[in-house]
Amino acid sequence: SLYAPAMSVPATQQALSALRVIMGDNKSAGDLGQRKIAQLRRNSNLFRKGLLEMGCRVLGDIDSPVIPIMLYHPEKICNFSRACLRRGLAVVVVGFPATP
């Protein structure tokens with residue numbers, strides 16, 4: 001990007017190494033990348049199912065680790081974010097007028 005600094009060398013190396021593991025190019029990692037992707041898919045679908053069972057309006061695609069949910073009361077957004085953080089769940093919250 002024209003307006004962003006370049007990635008640092010360690011960050012770039014870490015990203016490349018992770019991609020090599022995911023793609024199976026790192027022979028010492030074996031099938032670790034594929035197992036992690038499969039685990040992420042299972043966990044994402046389990047989480048999505050739980051949200052739907054709780055009555056949440058869940059957007060996005062099945063098998064995606066990005067799971068948008070709609071919170072219609074602005075005061076709940078901060079509480080939701082804090083509750084997720086206490087449980088070790090990484091979330092990004094966006095308030096109105098953002099679009100899903």
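What you see is a predicted model; the values in this text were computed from it and never measured.
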Check: Applying salt bridge (charged side-chain N to carboxylate O under 4.0 Å, His left out), which residue pairs with at least one partner in residues 17-34 are found, sequence neighbours left out?
Finding: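 Applying salt bridge (charged side-chain N to carboxylate O under 4.0 Å, His left out) to every pair that reaches into residues 17-34, excluding sequence neighbours, yields D31-R35.
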Notebook entry, point to check: Which distance, rounded to the nearest 0.5 Å, do you find between the CD1 of I62 and the NZ of K49?
Noted result: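 Between atom CD1 of I62 and atom NZ of K49 there are 11.5 Å.
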Checklist line | Backbone of I37 reached by a side-chain donor or acceptor of R42 within 3.5 Å | finding: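 Side chain of R42 to backbone of I37, a donor-acceptor pair under 3.5 Å: no, none is there.
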Checklist line | Distance in Å, R87 CZ paired with R82 CZ, rounded so as to fall on 0.5 Å steps | finding: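 Rounded to the nearest 0.5 Å, the CZ-CZ separation comes to 14.0 Å.
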Checklist line | Spatial distance of atom CG (L19) from atom CD (Q14) [nearest 0.5 Å] | finding: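 If I round to the nearest 0.5 Å, the distance is 11.0 Å.
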Next item on the list: Measure the CG-CZ distance between L59 and R48 for me, rounded to the nearest 0.5 Å.
Entry: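 Spacing of CG (L59) from CZ (R48) equals 8.5 Å.
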Check: What heavy-atom pair brings S64 and S44 nearest, and what distance separates the two atoms?
Finding: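 Reported closest heavy-atom pair: O-CB, 3.6 Å.
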Margin query: As an exercise, state the distance from CE of M23 to CG of L16, rounded to the nearest 0.5 Å.
Written below: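 M23 atom CE to L16 atom CG measures 12.5 Å (nearest 0.5 Å).
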Notebook entry, point to check: Which residues, ordered by chain and number, are linked to L89 in its hydrophobic cluster, where ILVMFWY side chains connect at heavy-atom gaps below 4.5 Å, directly or through other members?
Noted result: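 Traced through the cluster, L89 reaches F47, L51, L52, V58, I67, I69, L71, I77, F80, V91, V93.
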Item checked: Donor-acceptor under 3.5 Å (Q34 side chain, I22 main chain) ->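 Answer holds: yes.
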